Amino acid sequence: MPQKSTAVSCSNIAFIKYWGNRDAARRIPLNNSISMNLDHATTTTTVAFEDARDDDHIVIGGALANAAQRARVVAHLDRVRALAQIESRARVQSQNNFPMGAGIASSASAFAALSLAATRAAGLELPERELSILARQGSGSACRSIPGGFVEWLAGTESANSYAVSIAPPTFWELRDVIAIVSTAEKKIGSTDGHRAASSSHFLAERVNALSARLARVRRALFAHDLAALGAAIEEDAIELHLIAMTSAPPIFYWSPEMVRVIEAARAWRADGLGVYFTLDAGPNVHLICESKDADQVAARAREISDVRQVIVNAPGGAARLGEEHLF
Ligand code: DP6
């Protein structure tokens, strides 16, 4: 029975990054990663499977999907069709409330929302683990946007045991991610290519070896609400992501002068006594992590930096959920 379904999903910021796969085709990562969902960076997606349709129709942000986006979404719809054993083509419409491809992980919220909306529209009600496994195959980080709050992606060894679980609910800690947006341009090299290139960096093996200790530090700091300990670990991890990217062959520079200026500013505020730490994604924007009591101050200071075009303050977000209002 064809049905229409809408889902809303948060993006997430990784405290320990996913960078490099042991199985690129299935997106089985080299390491566990830990993230926080972002309540103000969401994707809303409506999906309807329609028997009369002879092709999938995909609109993203008001425009028809380009060839690369289309191929990735159709491949994901094919996964859902295979699970539900249906043939119908779909109409898909998707809308972000933040700029796409600029280092706020739009593929995370996009494939999480698509997974939930499409499975429901196809008449499936998957348990959270299965939904996370499905989302992972669309975009690795999307598996972490299925559960709520603070989330760990268990790397696993094969598709069936590579999924994300919530390790603490959104209310567990009043952390904030103040995103300082320095560019809204689409990045030149997407993360999928970055993951592929990572193994050419001779620092990658060293990173993977060091990660179990860092993951433990992040878990401990999170459970203890210890911002200084969390901050030290996430800054190390963010710098390492860029180190691997820059030492890949050919080198990838997500690192930019604007980004470094924001990082330097944050370090100066911290030296002044403000509790703020940075993390980065595969893009130019800087995520300033602080407690809620300091978020206004951090946001105000970020807005004063001339390179910063926009500031988005995020609290820990909830799990992917069904939406009431369809986009079509
Ligand atoms: C730097 O999940 O976007 O944001 O699986 O190819 O879609 P694909 O990659 P993606 O990679 C995210 C990389 C990161 C770190 C992270 O979110 O863990």
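Keep in mind it's a predicted model, so treat the numbers as computed, not measured. Order of appearance sets the numbers: ligands from 1, and atoms from 1 within every ligand.
Geometrically, Arg136 does not engage Tyr163 in a cation-pi contact, judged by NZ or CZ lying under 6.0 Å from the ring centre and within 45° of the ring axis.
Counting heavy atoms only, Arg144 comes closest to atom 17 (O) of ligand 1 of the residues Arg144, Lys17, His242. Nearest-residue assignment for atom 7 (O) of ligand 1 (options His195, Arg196, Arg72; heavy-atom criterion): Arg72. Counting only non-hydrogen atoms, the option in Trp153, Tyr254, Tyr18, Phe111 that gets closest to atom 12 (C) of ligand 1 is Tyr18.
If you check the side chains of His202 and Thr247, you find no donor sitting under 3.5 Å from an acceptor. Side-chain contact, Asn96 with Thr43: a donor N or O sits under 3.5 Å from an acceptor N or O. A donor and an acceptor atom, one from each side chain of Ser33 and Arg144, are located under 3.5 Å apart. At a cut-off of 3.5 Å, with distance as the only test, a side-chain donor of Thr46 or Thr6 sits close to an acceptor on the other residue.
Listed by number with element, the atoms of ligand 1 under 4.0 Å from a non-hydrogen atom of Asp281 are 1 (C), 4 (O), 14 (C), 15 (C). Ligand-side atoms of ligand 1 in range of Ser141: 2 (O), 3 (O), 10 (P), 17 (O), range being under 4.0 angstrom from any heavy atom. Ligand 1 places these atoms under 4.0 Å from at least one heavy atom of Ala14: 16 (C), 17 (O), 18 (O). Those atoms of ligand 1 that come under 4.0 Å of a heavy atom in Ala282, given as number and element, are 1 (C). Close contacts of ligand 1 with Ser191, meaning ligand atoms under 4.0 Å from a residue heavy atom, involve 3 (O), 9 (O), 10 (P), 11 (O).
Using a non-hydrogen distance threshold of 4.0 Å, Arg136 does not register as a contact of ligand 1. Under a 4.0 Å heavy-atom criterion, Ser107 is in contact with ligand 1.
A ring-centre distance under 6.0 Å is not found for Phe278 and His287.
For ligand 1, the polar-atom distance check against Ala142 finds no nitrogen or oxygen pair separated by under 3.5 Å. Looking at ligand 1, you won't find any N or O of Ser33 less than 3.5 Å from one of its N or O atoms.
Contacts of Trp173 classified as ring pair (Phe, Tyr, Trp, His ring centres under 6.0 Å), with partners at least two apart in sequence or in another chain: His225.
Using cut-offs of 30° and 60° for the angle between ring planes, the Trp19 and Tyr254 rings count as perpendicular.
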